[in-house]
2 protein chains.
Amino acid sequence: MNDIKQFLRSNDLRPTKQRIVIAGYLFDGTDKHVTAESLSTELAKRKHIISLATIYNTLHDFYENGLLKKLTLTSDRVYFDTNTDDHHHFYSEKDQFLIDINKNIEVSGLPKTPKNKKINKIEVIVHLDK
Amino acid sequence: MNDIKQFLRSNDLRPTKQRIVIAGYLFDGTDKHVTAESLSTELAKRKHIISLATIYNTLHDFYENGLLKKLTLTSDRVYFDTNTDDHHHFYSEKDQFLIDINKNIEVSGLPKTPKNKKINKIEVIVHLDK
DNA sequence: TCTCAGTTTAGAATGATTCTAAAGTGTTGA
DNA sequence: TCAACACTTTAGAATCATTCTAAACTGAGA
């Protein structure tokens, strides 16, 4: 709890009640994938009612501070990943199946980067079917 | 024109005026990336006014028939790609920069596919910065 | 404790996409 | 050629995730 406050402070985030609850849930040690909606639902199960606006704000604040990764898996909604290491995903739209690929993936054969640009990150999504 | 009609028929798509115009634009030989909105704008420039609903319907019909690829680059909107070959992308959100990587990319080091699933496709997105 | 910038919130607004149901149009068989 | 119908198109409403607004609230420092 004080750890969480300290953690938030060290990321220039004022440790408000809501942020403490959200960080406590997200950064409990196990990697998680959440959407604003799923996070709201999970917190509600734990009797923590936080407005959706705040959940969106907080996810973005955390993202802006590098505490979360943003995933673009579908255009329906945005997923955030608590695992901010360089990694990739297995994903299946139908089953809402989404798991990390932590093993080191090698992407080779890339052409040279377009003029005046630099690579920010490489995202590999392995789309699965049943 | 009759080619297009034939092309549509061979894909179980009734060759309506609108589909002929859209297919004529999309499959003119040059690879294209479009969104419903951008397609609508391009057609309008060519004096072809087609309702957005029809544009959405048609993009989906073409997609369902394998004439287009769907790209998930951002959660803001859906991109369709007329290049249906196995290929990947350089993408920059800020600049709306999006180009194909046609060169063969090799993705190695993938862990084994989760039980009872099979790989549908592998999508590599190289996110760029200025 | 006082003060205020930073936060939270309900509810409205936005914007891409989908839905509805009514009007229009290829296609087919006679 | 044409009737008849299933398939399409369309305007406008509806949906849904997300963002915005502006008012109330609350950490943090003095």
Side-chain angles (χ1 to χ4, degrees), chain A residues 1-2 4-25 33-44 48-65 67-68 70-80 93 96 98, chain B residues 1-2 4-25 33-44 48-65 67-68 70-80 93 96 98:
Chain A
M1 168 68 175
N2 279 315
I4 296 178
K5 283 192 180 181
Q6 208 37 59
F7 169 74
L8 289 170
R9 279 206 194 84
S10 69
N11 281 286
D12 292 315
L13 293 164
R14 189 182 285 188
T16 63
K17 282 199 214 67
Q18 296 79 183
R19 284 175 177 165
I20 291 168
V21 166
I22 295 175
Y25 169 72
H33 298 118
V34 301
T35 62
E37 210 60 54
S38 79
L39 177 53
S40 171
T41 302
E42 283 307 311
L43 294 177
H48 291 121
I49 306 303
I50 297 178
S51 79
L52 254 190
T54 297
I55 287 182
Y56 276 102
N57 289 341
T58 304
L59 286 171
H60 283 125
D61 293 341
F62 287 4
Y63 169 69
E64 291 302 330
N65 283 278
L67 306 180
L68 293 173
K70 195 188 282 189
L71 309 180
T72 27
L73 301 170
T74 160
S75 56
D76 294 343
R77 56 203 168 287
V78 175
Y79 282 89
F80 289 92
E93 174 96 64
Q96 299 272 340
L98 170 60
Chain B
M1 169 69 175
N2 278 316
I4 296 178
K5 285 192 179 180
Q6 209 36 57
F7 170 73
L8 289 170
R9 279 206 195 85
S10 70
N11 281 287
D12 290 316
L13 292 165
R14 190 180 285 189
T16 64
K17 282 198 213 66
Q18 296 78 182
R19 284 175 177 166
I20 291 168
V21 166
I22 295 174
Y25 170 72
H33 298 118
V34 302
T35 62
E37 211 60 54
S38 78
L39 178 53
S40 172
T41 302
E42 284 307 312
L43 295 178
H48 290 120
I49 307 304
I50 296 178
S51 78
L52 255 189
T54 297
I55 288 182
Y56 275 103
N57 289 341
T58 305
L59 286 171
H60 283 124
D61 293 342
F62 286 5
Y63 170 68
E64 290 303 331
N65 283 278
L67 306 180
L68 293 173
K70 196 188 281 188
L71 308 180
T72 27
L73 301 170
T74 162
S75 56
D76 294 343
R77 55 203 168 289
V78 174
Y79 282 90
F80 289 92
E93 174 96 63
Q96 299 273 339
L98 172 60

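Naming: A, B, ... by sequence-line order, numbering from 1 per chain. What's counted below: heavy atoms across the whole structure, side chains too, no hydrogens, waters or symmetry copies.
Think of the region where chain A sits on DNA chain C: with heavy atoms and a 4.0 Å cut, that region ends 5' and 3' at C:dA5 to C:dA10.
For the pair B:Gly24 and B:Ile4, the tightest heavy-atom approach, listed with the atom from each and the gap, is CA-CD1, 3.5 Å. Annotation for A:Phe62 and A:Arg19: closest pair CZ-O, 4.1 Å, computed over non-hydrogen atoms. Of all the heavy atoms in B:Pro15 and B:Leu8, the pair that sits closest is CA-CD1, 3.8 Å. Heavy-atom minimum distance, B:Ala36 versus B:Leu52: O-CD2, 4.1 Å.
Within a 6.0 Å sphere centred on OH of A:Tyr63, other residues, nucleotides and ligands contribute 12 heavy atoms or fewer.
For the pair B:Ile55 CD1 and D:dT9 C1', the interatomic distance rounds to 12 Å; values are reported in whole Å. The nearest whole Å value for the distance from the CZ atom in B:Arg19 to the C1' atom in D:dC7 is 8 Å. Atom-to-atom, CG of B:Leu8 to P of D:dT9 comes out at 10 Å; the value is rounded to the nearest Å.
The side chain of B:Lys17 places no N or O atom within less than 4.0 Å of a non-bridging phosphate oxygen (OP1 or OP2) of D:dT8.
Among the protein residues, A:Thr54 comes within range of the nucleic acid bases, having at least one heavy atom under 4.0 Å from a base atom.
Between B:Thr74 and the choices B:Val78, B:Leu71, B:Asp76, the side-chain contact (heavy atoms from CB on, under 4.5 Å) rule is met once, by B:Asp76. For the side-chain contact (heavy atoms from CB on, under 4.5 Å) with B:Leu39, the qualifying choice from B:Val34, B:Thr58, B:Ile50 is B:Val34, the only one to do so.
When side chains are defined from C-beta on, B:Thr72 does not count as touching A:Leu73, because their heavy atoms never get closer than 4.5 Å. Between A:Thr54 and A:Thr16 the shortest side-chain heavy-atom distance does not fall below 4.5 Å. Using a 4.5 Å cut-off on side-chain heavy atoms (C-beta onward), B:His60 and B:Leu68 make no contact.
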What N/O pairs connect the protein and nucleotides 16-19 of chain D at under 3.5 Å? Give each pair on its own line.
from   : atom 1 : to      : atom 2 : distance (Å)
D:dT18 : OP1    : A:Val78 : N      : 2.7
D:dT18 : OP2    : A:Tyr56 : OH     : 2.6
D:dT18 : O5'    : A:Tyr56 : OH     : 3.2

Between the protein and nucleotides 4-6 of chain D, list the N/O to N/O atom pairs that are separated by less than 3.5 angstrom.
none

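Put simply, CD1 on A:Ile20 and CG on A:Leu13 are 11.0 Å apart, with the number rounded to the nearest 0.5 Å.
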